[in-house]
Every structure is written in C-alpha cells, then in structure tokens.
Amino acid sequence: MLFNSPVFAAFFVIVLAGYYALRPARLRILWILAASYVFYGWLSPLYPALLAYATLVSYVAARAMASSRRKKAWLALAVVNGIVMLGAAKYGAFLAANLNGLLEILGIEATVKAPGRLFPVGISFYTMLIIGYVMDVYRGKVPAEKDVVRYATFTAFFPYLLAGPIERAGTMLPQLVRLPKFRAVNISEGLSLFVVGLFKKVALADFLAIYVDRVYGSPAGAAGLTLLVATYAFAWQIYFDFSGYTDLARGVAKMMGFDLSLNFNNPYLADGLGDFWRRWHISLSSWIRDYIYFPLAGRTIAPTVRSYAAMIAAMVLAGLWHGAAWTFVIWGAIHGIGRAFTRELEVSSFYKHRIPKPVKQFFVFHLICLTWIFFRAATFPDALAVLKGILSFTVSDPRFPLVGILFIGLVWGYQFLFKSKRRRILDHSAVRVGLMLAMMLYLVFFSTPGYEKFYYFRF
Amino acid sequence: MKPTIPNSNNVILTWKEWILTAVLFLAVSFTLYFGWSRWEKIPVERDYRSSCWEERMSDYWAYAQWCRVARAGYPVLLIGDSVVWGQEVPNNETISHAINAELGRDEVANLGIDGLTNAAMTGLFRHYGRSLRGTRIILEFNPLWMSSPSRDLRGRGKARWEFHHPRLVPQLDPRISYYRGLDERIGYLFDHYLKLPPFVRHLMVNNFENKSVSAWLLEHPYRLPLGAISFAAAPMMREKQGLGTAWSSRKGAGPVDAPFVPAGESLQWEFYLKALRRLKKNGNSVFVLLGPFNSHRLTAPSRERFLAMMSEVKAKLDELGYPYFDATEDLLPSEAFADQCHVLKDGHERLARALVRDAGFAGWLGGGK
C-alpha cells in the first residue's frame with residue numbers, strides 16, 4: 001500500500017476513525033497493530049510472517065537480557081538473527097555472484113547457487129529498528145518492553161514500517177504507553193506534512209524521475225551537459241522522493257498524535273560533509289553513528305587512525321545497506337573517505353570563518369552529486385560512462401523542462417529564505433496558505449495520474 | 001502559531017488556515033469544473049459522433065458533455081458500442097444517420113462509444129449519465145459480448161480478456177476477471193465519486209496529448225503547462241476507423257465457432273438488465289435494438305447456440321415489457337457486415353428501413369410525442 005494511492009486514503013480514513021473512536025487504550029493499540037499488519041500484508045501475505053518472526057525473536061532476546069546473566073549471548077542472538085534475515089533477503093544473490101566470480105578467477109570449477117529472491121519491502125528499516133532496540137536494552141538505555149502487543153506495534157507501526165524514519169525505542173515506546181487523545185492541532189499539522197510530502201513525491205520527484213531514467217537508462221550516448229543536468233536532477237529527485245516519503249509518514253503519524261523524528265533538514269544547504277549527514281536521512285546517519293561507528297571507533301571522536309578507519313567502514317556499510325551492488329559500496333566509500341579527509345578541515349577556524357558559506361555549499365553540493373552518480377547508475381561501467389561523459393565537456397541541448405528548473409529554483413530559494421534572517425516572510429499566514437493552495441491545485445490539476453513507488457522502497 | 005513538531009520548512013497550517021485553504025481550493029475547483037463545460041464548446045454539427053476513440057476513449061467528461069448537448073437537440077438518443085458509433089463508416093453513414101434519413105428529420109443522436117460492453121454501460125449510466133435522465137433511448141444489445149466466457153468477462157489465465165473501459169465496469173465483483181490490480185480499481189472508484197479526476201483526465205487528453213503533464217513537459221521542455229491549455233474541444237470524428245469492406249473479402253476470414261454463454265449464466269446479460277433497470281429508475285423510455293449481428297459467419301452448431309441464447313434474451317425482454325427490434329438473425333445479408341457485428345453503409349440503410357417500418361418501433365417513437 002503506497003501513501004500516494006487512493007487505497008491508502010480509504011485505509012487511513014478507516015484506521016483514523018477507529019483509532020479515535022475506540023476505548024480503552026488497549027483496544028486502540030491492538031487496532032494500530034492490526035492496521036499495521038494489514039498495511040504490510042497488502043503488499044504480500046508473506047511479509048507480515050517475517051516481521052512477526054523478527055519481532056518475536058527480538059522480544060524474547062530483550063526480555064531474556066533483562067533477567068539473564070548471559071546478556072551478550074542474547075544480544076548476539078537477536079543481532080545475528082536480524083543480520084541473517086537481512087542478508088538472506090537482500091545480499092544472497094550479490095554474495096553468490098561475487099563468490100562465483102572469485103571461483104572463476106581461481107580456476108575452480110564450481111558454482112554457488114544464488115538463493116531465491118525474496119525481498120520484503122521495509123526489511124532494511126525494521127531490522128535496523130529492532131537491532132537498535134536490542135542494543136539499547138543491552139546498554140541499559142531503555143528497559144526491555146514487557147508488553148508484547150506494544151512492542152509488536154513499535155516494530156510494525158505502519159507510518160514508518162516501509163521506509164523509516166528509523167525510530168528509537170526511547171522516543172517511540174513511551175508514546176505507545178499513553179496513547180494521544182484527539183487534538184485538532186495534530187490533524188492540521190499532520191495534514192500539512194502530508195500534502196507537502198505528496199507534492200514533493202508526486203509533483204516533483206516523479207516528474208524529475210522521468211528525465212533521469214531516460215538519461216541514466218543509456219548514458220553512453222548522452223552529451224556531457226545532459227549527463228550533468230540529469231545528475232543534478234537526480235540529486236533533487238532522490239531528495240524530493242525520500243524526504244517526501246518522510247513527510248507523508250510523519251504526517252500520517254502526527255494525525256494519530258505520534259511525533260516521528262525529523263529525517264531531512266534542507267540537506268543541500270549543507271556547508272560540509274559532516275553537516276550534510278546531520279541533515280540527510282538523519283535517522284540512518286545517527287543510527288550508524290551510535291550502533292556502528294562508536295563501537296568500531298571506541299566511543300571517541302578524537303582524530304585517531306582507528307576512528308578514521310571506523311568512519312570509512314561505517315560509511316561503506318551504509319552504502320551496502322542501500323543495496324547489494326558495488327556502486328553502493330563505492331558511494332559509501334567516497335562518503336567515508338571524503339568525511340575522513342574533511343573532518344578536521346570542517347572544524348578549523350579557517351574553514352568556518354574564512355571561506356564564504358555559498359562557496360562551501362557549492363562544493364559540498366557538487367561532491368554529493370558526484371556520489372549520486374554511483375548511487376543512481378545501474379552498474380559500475382554505467383557510472384564510469386556518466387563520469388567520462390561529464391568530463392568530456394560535450395554540449396548539446398539537454399532538453400530539461402523549464403518547469404523543472406523553476407521548481408528546483410523555487411524550492412532551493414525557499415530553503416535559503418527559511419534559513420535566513422528574512423524568514424518572517426514565510427511565517428506570514430497568507431504566504432503559507434497561498435503555498436498550500438498552489439501545491440494542492442497543482443497536485444489535482446497537473447500531477448501524474450499514476451502511483452509511482454518510492455525510491456527508497458528498493459533498499 | 002508555532003508548529004508542535006520540528007520541521008524543515010514552514011508550510012504548516014493551523015486548522016483555521018486549513019478551512020480557508022479548503023474554501024479557496026473548492027472555489028477554484030468548482031469554478032473550473034462547472035465553468036469549463038460552458039467555455040469549451042463541442043463542435044456539434046449534423047451526424048455528430050463522439051471523439052472518444054482510442055487514446056480519447058476514457059474521456060468520459062467529454063462524452064458526458066455530448067450527452068448534455070444531445071439531450072437538448074435530439075428527441076431520441078441511440079446508445080451502444082462501436083456498432084452504433086459506426087466503426088466501418090464515416091459519420092454520415094452510421095445507423096443514426098440512416099434512421100434520420102428514413103424518418104426525414106434529425107430525430108436520433110449517435111451516442112455510441114467504442115468498446116462499450118454491457119458491464120461498462122452500467123458504469124457509464126451510473127457515473128456519467130446524469131444528463132440522460134428522463135430521455136428516450138434506443139439501447140443497442142450486442143450479442144458479441146456473450147459470444148464466449150472470455151467476452152463475458154470470465155476468461156481466466158490466457159483466456160482473460162483485456163476489455164475496454166476498465167474504469168466503467170463494476171470494480172469489486174469477484175466474478176469478473178479483472179486485468180487491473182485492486183489498488184488501481186479502488187482508484188477508479190475514487191475517480192467516479194470525486195468527479196474532478198475525469199475532468200482532469202479530459203484536460204490531459206485534450207491539451208497534453210493524452211500524457212501526464214510530466215511526460216508532456218519532457219516532449220516540450222520549453223513550454224509551460226498553463227500555456228498549453230485551451231478551450232478548443234476535440235474535432236468531430238468524421239473518418240471511418242475500419243477498412244470499410246465486407247468481411248468475406250478480408251484476409252483470413254472464415255466461419256466462427258463461438259461457444260456463446262446462455263443468457264441465464266451470462267454476466268454481460270446480467271449487466272445489460274441492470275443497465276435497463278437503471279434507465280427505468282431514471283425515468284427513461286427505452287427501446288432495445290438487438291444487434292445487428294453477423295450470424296451468417298457462425299458454424300451450424302454455433303448458430304444453434306446463438307439462436308438459443310437470443311430466444312432467452314427475447315423472452316426476458318418480453319417478460320419485462322421492453323419493446324425491441326431484432327436485427328440479429330437474417331435481416332441483413334452477409335455482405336452487409338464488415339466483421340462479426342460492424343455493418344457497412346448499405347446494411348445501415350437496410351436496418352433503418354426495417355426498423356422505421358417496424359410497428360413496435362413506430363409505436364414507441366410515436367408514443368413520446
């Protein structure tokens with residue numbers, strides 16, 4: 001079920017009405033749990049079974065950690081279970097292909113059979129949520145949840161189930177203890193987030209995707225300028241797509257009275273790579289910092305060899321998390337190496353005060369665009385073809401729609417204004433109403449009638 | 001008021017602002033929706049027929065406009081599929097033209113729409129037939145839709161038929177072999193009840209080459225969508241869409257051994273009766289036109305099944321008290337047909353002559369005056 005589909009609208013109206021109508025709280029939480037499993041099962045009836053299994057194993061492990069002396073063993077069980085599940089679903093074919101390649105190089109006549117392809121949408125997200133929870137229980141940050149229904153609702157909560165944000169038990173479980181009452185402000189704010197998210201997804205991301213898909217579909221024959229424009233377009237496509245999804249998820253949760261964390265904070269205004277990761281997919285980057293980087297680096301931010309190695313390793317793993325392909329590994333590696341090179345620079349007085357902010361923003365944006373080439377290209381040779389094409393400096397009419405330039409310009413301008421001293425203009429009621437009205441009219445009268453899947457569903 | 005949730009932008013409205021936004025949105029939408037039917041004039045002239053064909057086939061908003069105009073200008077509306085629309089002939093050789101010529105006055109309007117199965121007919125009347133209420137209607141019945149389980153919308157696997165007008169058929173009937181997903185079909189239901197989507201689709205069809213604005217902009221990167229919109233309606237379809245030749249002269253033409261579904265078991269017949277009930281409920285006076293249908297092409301066993309099915313159909317119409325004219329059997333010669341059901345100019349003229357001379361039809365036609 002996609003947030004941008006009519007079937008979700010019907011589903012959500014029923015869920016919301018039932019949620020606020022039901023008494024007592026126990027029934028309401030059961031209602032959310034049932035709704036979440038229906039939502040997930042709509043995609044495939046097998047998916048909820050896998051989710052229920054992961055939930056049950058982690059629940060038992062966390063409960064056992066609370067009462068057992070073998071805490072580490074229970075933690076290992078839950079984490080390994082999550083990794084094996086994710087690995088089997090997502091990386092089996094990738095590992096088999098690479099092993100076969102290695103065997104061929106070594107001249108060994110044998111092949112490793114790839115497992116059947118079952119990739120439940122959302123598994124990457126809920127596995128991270130579950131691993132985060134058991135690690136928090138292990139570290140004593142949160143108590144092991146006793147109520148299995150509440151815990152199952154936490155792991156399956158439909159607004160974030162498919163593509164995050166990756167919530168933490170510490171912020172989400174307390175919200176499931178005392179369920180929010182109906183408040184008009186939750187509806188109005190949730191609806192605002194929902195419409196903005198829908199506009200980002202349907203009007204902007206899906207629009208840019210058509211152009212990007214066309215150019216990246218056969219990059220070999222395209223001129224340098226066209227490839228450059230398509231790369232810029234992809235940078236905005238993926239931002240609009242994923243931040244749009246997050247807005248939709250947060251809007252849906254907010255209408256039910258739940259606050260989900262901010263996942264994107266105007267990332268293309270970042271003036272450093274570190275700053276970018278504090279603004280882009282914040283729930284993922286903070287998860288990687290807390291559960292991968294710190295354990296590897298030894299909970300230090302000092303510039304030691306170990307911390308740099310940990311930084312690169314964490315980003316490579318983040319790349320692999322996105323997909324089982326070498327292009328994602330390279331994407332993560334560029335980010336890791338880039339961050340390792342710029343970390344000390346970014347905190348230096350020279351960088352902070354002497355280099356004009358727009359210059360820093362310009363360079364950071366272009367470095368990010370470079371990494372997006374590997375992220376978007378279907379294969380490594382394709383990525384190289386795009387890079388080679390851009391560096392050929394060949395020029396032909398890229399035929400990128402003027403409307404696309406207008407939209408990106410307006411959004412970027414809005415973001416600069418939002419972060420500037422003149423933000424008051426945007427606070428004005430007439431401006432906000434006008435913007436909302438314009439978005440709604442565009443969605444109804446000009447947006448694509450199809451229901452495109454979200455880009456991050458593939459991860 | 002400061003939002004209660006952290007945000008990366010400021011387009012967060014209070015509930016009072018939402019009310020204002022909703023009022024403004026509805027005002028703009030209503031103005032466009034209702035105003036457009038006045039601003040965009042259908043180029044109606046003699047023997048007008050709808051331009052809802054091929055890529056414009058699902059432009060039901062335009063079809064509804066033609067219904068509205070036809071109602072005002074013609075005492076009788078002839079509704080059916082491409083047989084009525086006149087696939088094999090230009091617009092001035094259709095059944096409605098031949099009837100009008102036979103009557104000596106422009107009495108009958110051509111409201112045919114290609115591929116309109118009986119199941120789709122129910123949806124058409126329900127969602128887009130508001131202006132048809134209380135009118136006098138000749139309703140075509142095409143036996144082709146009952147010629148096989150597949151045409152009867154029940155073919156499974158390879159026999160599943162990708163019928164036209166998937167938006168118009170009932171979306172949640174488990175007996176129908178749908179070829180669109182449930183999500184999409186629920187979306188169709190939203191379309192019908194929200195009313196705006198069919199109008200927006202009309203704008204897409206009429207102004208953006210039947211593409212989404214996004215896809216259209218990629219073809220025309222330096223144009224702006226607002227600049228492409230005009231009030232010019234699609235021109236009338238004058239040309240024939242088929243070959244316009246007799247079926248027997250066509251390559252590969254041979255006898256057909258259609259199984260035919262008995263009327264008592266047929267979904268399409270059930271939907272036809274449902275369409276009749278709806279028209280009755282809407283105060284319409286209905287005359288049923290059975291066929292035309294090329295029974296010459298059927299094998300002997302198939303013809304037997306066909307005749308048995310038609311007997312059931314006629315018995316039911318007699319039972320319900322609907323007047324009808326049977327143009328399915330040997331009314332028209334074999335060479336009058338272009339295929340299994342589409343008729344050529346000469347056939348339309350013969351059919352019209354017989355129909356106008358039919359006492360039942362004359363009685364029905366005279367009864368409305």
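Side-chain atoms are counted along with the backbone in the values below, which use heavy atoms only and exclude waters and symmetry mates. Naming: A, B, ... by sequence-line order, numbering from 1 per chain.
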Tell me, for [X] versus chain A, whether the close heavy atoms (under 4.5 Å) come from the side chain, the backbone, both or neither.
X: Val28(B); value: side chain
X: Leu194(B); value: neither
X: Arg223(B); value: backbone
X: Ile19(B); value: neither
X: Leu189(B); value: neither
X: Phe190(B); value: side chain
X: Leu24(B); value: both
X: Trp18(B); value: side chain
X: Leu218(B); value: both

Distance-only donor-acceptor check, side chains [X] and [Y], under 3.5 Å:
X: Gln65(B); Y: His202(B); answer: no
X: Tyr188(B); Y: Arg180(B); answer: yes
X: Asn207(B); Y: Trp216(B); answer: no

Checklist entry - If you look only at pairs with a residue in residues 402-418 of chain A, which of them pass as a salt bridge (charged side-chain N to carboxylate O under 4.0 Å, His left out), with sequence neighbours excluded? => result none
Options [options], ranked by heavy-atom pairs under 4.5 Å with chain B, top entry:
options: Arg399(A), Met439(A), Lys254(A); answer: Arg399(A)
options: Leu435(A), Ile405(A), Leu437(A); answer: Leu437(A)
options: Ile187(A), Val403(A), Leu426(A), Leu191(A); answer: Leu191(A)

Indicate, with yes or no, if the rings of [X] and [Y] have centres closer together than 6.0 Å.
X: Tyr128(B); Y: His192(B); value: yes
X: Tyr268(A); Y: Trp236(A); value: yes
X: Phe12(A); Y: Phe39(A); value: no
X: Tyr60(B); Y: His165(B); value: yes
X: Phe158(A); Y: Tyr40(A); value: no

Under 4.5 Å from a heavy atom of chain B, the part of [X] involved:
X: Ala209(A); result: neither
X: Arg214(A); result: side chain
X: Val444(A); result: both
X: Phe8(A); result: neither
X: Phe400(A); result: backbone
X: Val431(A); result: neither

Checklist entry - What residue among Arg424(A), Arg422(A), Arg423(A) forms side chain to side chain contact (heavy atoms under 4.5 Å, CB included) with Leu417(A)? => result Arg422(A)
Checklist entry - Counting N and O atoms only, with roles assigned by atom type, does the side chain of Thr117(B) sit under 3.5 Å from a partner on the main chain of Ala120(B), one being a donor and the other an acceptor? => result yes
Next on the checklist: Quick check: under 4.5 Å, non-hydrogen atoms only, which of residues 256-267 of chain A neighbour chain B?
Outcome noted: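 Within residues 256-267 of chain A, near chain B: Asp259(A), Leu260(A), Leu262(A), Phe264(A), Asn265(A), Asn266(A).
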Is it the case that more than 12 heavy atoms not belonging to [X] sit under 6.0 Å from its [atom1] atom?
X: Arg130(B); atom1: CZ; value: no
X: Lys16(B); atom1: NZ; value: no
X: Arg156(B); atom1: CZ; value: yes

Next on the checklist: So which residue, Leu196(B), Thr21(B), Ile186(B), ends up with the most heavy-atom pairs under 4.5 Å with chain A?
Outcome noted: Thr21(B)
Checklist entry - What pair of heavy atoms forms the shortest contact from Gln268(B) to Arg151(B), and how long is it? => result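 In terms of heavy atoms, the two residues are closest at NE2-O, 2.9 Å.
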